[in-house]
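First comes the structure, then the notes that go with it.
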Amino acid sequence: MHETADLLSAVTATLVEIGLDETELAEATTDWKLRAELGLSSVETTELQLALKQRFGVTVDLWDQDDYTLGQLAELVGEQRSGS
């Protein structure tokens with residue numbers, strides 16, 4: 001559980017790095033969806049994919065599902081990093 005919280009913080013920091021509003025992200029919960037609640041554009045979604053690859057060394061296809069939540073994204077990064 002602690003690792004997921006750390007990953008969620010790291011994913012949130014990555015979203016700030018690509019230009020999302022830090023204040024809005026501070027209010028976000030794990031069930032907020034990347035495009036529906038956070039308003040990620042297609043460009044930002046692609047930038048996030050690249051940033052996750054650079055920061056965590058994982059390849060996440062954000063287009064393989066309708067819209068990931070922050071919690072799902074953190075779990076996916078964690079699973080890929082642990083090789084699950």
Side-chain angles (χ1 to χ4, degrees):
M1 185 69 153
H2 182 59
E3 181 183 354
T4 302
D6 290 344
L7 284 171
L8 185 59
S9 293
V11 165
T12 302
T14 304
L15 288 164
V16 170
E17 289 171 10
I18 66 166
L20 270 67
D21 184 88
E22 191 170 1
T23 306
E24 180 180 10
L25 285 167
E27 298 173 6
T29 63
T30 58
D31 62 341
W32 279 31
K33 293 186 176 187
L34 296 176
R35 290 186 287 279
E37 277 86 18
L38 293 175
L40 256 68
S41 67
S42 58
V43 171
E44 290 167 328
T45 301
T46 302
E47 287 177 352
L48 178 58
Q49 282 186 176
L50 294 171
L52 293 172
K53 175 76 172 173
Q54 291 173 343
R55 185 175 196 148
F56 301 108
V58 299
T59 302
V60 178
D61 182 0
L62 297 176
W63 304 102
D64 72 350
Q65 178 175 319
D66 288 342
D67 198 1
Y68 282 106
T69 65
L70 286 171
Q72 289 171 325
L73 184 56
E75 288 175 14
L76 185 60
V77 168
E79 289 170 4
Q80 284 198 24
R81 288 180 73 193
S82 69
S84 300

Next item on the list: May I have all residue pairs that pass salt bridge (Lys or Arg N to Asp or Glu O under 4.0 Å) and include part of residues 17-26, sequence neighbours excluded?
Entry: E17-R55
Next item on the list: Give the C-alpha distance, both sets of side-chain angles, the deciding distance and a yes or no for side chain to side chain contact (heavy atoms under 4.5 Å, CB included) between L40 and L15.
Entry: CA-CA 9 Å; L40 256 68; L15 288 164; 4.2 Å; yes
Next item on the list: Could you pull out the closest heavy-atom pair between Q80 and T59, with the gap in Å?
Entry: NE2-O, 2.8 Å
Item checked: For G71 against L8, the heavy-atom pair lying closest together -> N-CD1, 4.3 Å
Note to self: Considering only residues two or more places apart or on different chains, which pairs with a residue in residues 39-54 satisfy salt bridge (Lys or Arg N to Asp or Glu O under 4.0 Å)?
What the structure shows: none
Next item on the list: Looking only at non-hydrogen atoms, find the nearest pair between L7 and G78 and report the distance.
Entry: CD1-CA, 3.3 Å
Note to self: I need the Y68 OH to L38 CG distance, nearest 0.5 Å.
What the structure shows: 15.5 Å
Notebook entry, point to check: Stepwise, does the side chain to side chain contact (heavy atoms under 4.5 Å, CB included) test hold for T69 with L34?
Noted result: CA-CA 6 Å; T69 65; L34 296 176; over 6 Å; no
Note to self: So, taking the atom named OG in S9 and the one named CG in L70, what distance separates them when rounded to the nearest 0.5 Å?
What the structure shows: 10.5 Å
Item checked: Rounded distance (nearest 0.5 Å) linking atom OG1 of T45 with atom CD1 of I18 -> 7.5 Å
Next item on the list: Flag the pair L73 / L62 as yes when at least one side-chain heavy-atom distance between them is below 4.5 Å, and no otherwise.
Entry: yes
Checklist line | Sequence-distant partners of S42, side chain to side chain contact (heavy atoms under 4.5 Å, CB included), two or more places apart | finding: W63
Notebook entry, point to check: Is the backbone of K33 close enough, under 3.5 Å, to the side chain of E37 for a donor and an acceptor to pair up by distance?
Noted result: yes
Item checked: Those residues that, when tested against T29, pass side-chain hydrogen bond (donor to acceptor under 3.5 Å, both in side chains) (two or more places apart) -> D31, W32
Next item on the list: For V11 and A74, work out which heavy atoms get closest and say how close.
Entry: CG2-CA, 4.3 Å
Next item on the list: May I ask you to decide if G57's main-chain N or O and R81's side chain share a donor-acceptor pair within less than 3.5 Å?
Entry: no
Next item on the list: Provide the closest heavy-atom pair for V77 versus F56 in the form atom of the first, atom of the second, distance.
Entry: CG1-CG, 3.8 Å
Check: So, does D67 use its side chain to make a donor-acceptor pair with the main chain of A36 at under 3.5 Å?
Finding: yes
Next item on the list: Please lay out, stage by stage, how L20 and T12 fare under the test side chain to side chain contact (heavy atoms under 4.5 Å, CB included).
Entry: CA-CA 9 Å; L20 270 67; T12 302; over 6 Å; no
